[in-house]
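Following: one structure in structure tokens, then a few remarks.
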Amino acid sequence: MMFKEHSVKLAIAPIAWTNDDMPELGRDNTFEQCISEMALAGFQGSEVGNKYPRSPDKLHRALELRGLKIASAWFSAYLTVRPYAETAQAFCAHRDFLHEMGAKVIVVSEQGRSIQGQIDTPLFANKPVFTEAEWATLADGLGGLGRLAAEKDMTLVYHHHMGTGVQTGGEIAHLMQLTDPGEVSLLFDTGHLAFAGENPLEVLRAHLPRIKHVHLKDIRPEVVQYVKQNQLSFLQAVKAGAFTVPGDGCIEFAEIFAELARYSYTGWFVVEAEQDPALADPLEYAIKARRYIRETSGL
């Protein structure tokens, strides 16, 4: 066994069943079907999707019936473009909901000047680049949100993401330098790093002490190449199948798992592969991911 018993829990994101950014993908897949199939595939948890009930009581009941827990949920910050108080207010509501659900980490991504949701904006040609002033505002604001998270004994984990100002290895390193480890931790996402042209293992090794949450996704390199050549947007890349589950793409996960185990990582691994469910059956891919993770990590 690579990992200590009970140190790592496995979750899967609902985005494989129904896509929050493109509701037409998986429109007919219900919340109940989604969480039932997660449990059937052998997962212990989930992140929160748009179809999930916002009443903690209702959500608890639905999840408990299936033996599932909430790992976290995405929060869009607008620290570089809006007043801090506005983001902080929305963050507190999000934090309190997640706290009620028993989550320990809050996934935050800066969406100021982001192009990830723009269907016609080329992903690589139009990537936002922050000014020094924006970096300072972002770091300061994230520190504030991190302190708000700590009030509930929770941790802010920053999600580097394609189409945003924190996408590359260099940008991740810069953000980590500008922020306090006691306030801002890192979400390590294998798929976004590989898509950005980075070596996920190198980024992992550079920031291991800061990593408190892990997203496991794979990429199809031939689709990524197609995206670059044809100036596609992030959402078009998703539709084209740039992402897939671990073991179905080109990323070597065995070394990544070994490195995390050596560091005694504790927390969640979340399988997250936004695909078109009409083309990639969510249950089939969930089972495929679960089997691959068991084979390569022992979990």
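Note that this is a predicted model, so its numbers are computed, not measured. We count residues from 1, following the sequence as given. Only this structure's heavy atoms are used, side chains among them; waters, hydrogens and symmetry mates stay out.
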Taking only Lys NZ, Arg NE, NH1 and NH2, and the carboxylate oxygens of Asp or Glu, determine whether [X] and [Y] approach each other closer than 4.0 Å.
X	Y	result
D248	R220	yes
E202	R205	no
E274	K239	no

Beyond-backbone contact of [X] with [Y], side-chain heavy atoms, under 4.5 angstrom:
X	Y	answer
V238	N19	yes
M162	F124	yes
I119	F234	no
L138	L142	yes
Q167	F195	no
L186	K212	no
P246	I251	no
T30	W17	no

Practice item. Go through the steps for N50 and T18 under the test side chain to side chain contact (heavy atoms under 4.5 Å, CB included), then give the verdict. Key: CA-CA 9 Å; N50 274 359; T18 179; over 6 Å; no
Point to revise | Member of L187, I172, T179, L175 meeting the side-chain contact (heavy atoms from CB on, under 4.5 Å) criterion with Y158 | key: L175
To the closest 0.5 Å, what do you measure between [atom1] ([X]) and [atom2] ([Y])?
X	Y	atom1	atom2	value
M22	L235	CE	CG	4.5 Å
D140	T80	CG	OG1	13.0 Å
L208	R262	CG	CZ	9.0 Å
E37	I12	CD	CD1	10.0 Å
H99	K152	NE2	NZ	5.5 Å
Q111	L79	CD	CG	11.0 Å

Strictly distance-based, threshold 3.5 Å: is any side-chain N or O of [X] a donor or acceptor partner for the main-chain N or O of [Y]?
X	Y	result
E110	G112	yes
E198	G169	yes
D218	G247	yes
R113	V129	yes
N230	L232	no
R82	T87	no
R210	M176	yes

Review point. Side chain to side chain contact (heavy atoms under 4.5 Å, CB included) between T266 and V8: does it pass, once the steps are laid out?
Key: CA-CA 5 Å; T266 58; V8 176; 5.9 Å; no
Review point. Do the rings of F243 and H192 sit parallel, tilted or perpendicular, given the 30° and 60° boundaries?
Key: tilted
Would one find more than 12 heavy atoms of other residues, nucleotides or ligands at under 6.0 Å from atom [atom1] of [X]?
X	atom1	value
K69	NZ	no
E252	CD	no
Q89	CD	no

Minimum heavy-atom separation for [X] to [Y], with atom names?
X	Y	value
V48	A73	CB-CB, 3.7 Å
V108	A77	CG1-CB, 3.9 Å
V105	L98	O-CD1, 4.0 Å
I115	L123	CD1-O, 3.6 Å
D189	K217	OD2-NZ, 2.8 Å
E171	K127	OE2-NZ, 2.9 Å

Check your understanding: Does NZ or CZ of R54 fall inside the cone over F97's six-membered ring, less than 6.0 Å from its centre and within 45° of the axis?
Key -> yes
Check your understanding: Can you list the residues that meet the salt bridge (Lys or Arg N to Asp or Glu O under 4.0 Å) rule with R61, with sequence neighbours excluded?
Key -> none
Check your understanding: Under the salt bridge (Lys or Arg N to Asp or Glu O under 4.0 Å) test, which residues partner E64, sequence neighbours left out?
Key -> none
Side-chain donor-acceptor pair under 3.5 Å between [X] and [Y], yes or no?
X	Y	answer
H213	E47	yes
S36	Q33	no
T137	E134	no
S264	K4	yes
Q116	T164	no

Practice item. Among residues two or more places apart or on two chains, list those pairs meeting ring-ring contact (aromatic ring centres under 6.0 Å, His included) that have a residue in residues 45-81. Key: F31-Y52, W74-H159, W74-H161, F75-F91, F75-H94
Check your understanding: How far apart are the C-alpha atoms of T244 and Q275, what are their side-chain angles, what is the distance that settles it, and do they pass the side chain to side chain contact (heavy atoms under 4.5 Å, CB included) test?
Key -> CA-CA 7 Å; T244 185; Q275 302 191 73; 3.6 Å; yes
Check your understanding: So among Y265, F269, Y263, which one has a ring pair (Phe, Tyr, Trp, His ring centres under 6.0 Å) with F3?
Key -> F269
Exercise for review: Take L63 and I35, measure what side chain to side chain contact (heavy atoms under 4.5 Å, CB included) needs, and give me the verdict at the end.
Suggested key: CA-CA 7 Å; L63 294 172; I35 58 171; 4.1 Å; yes
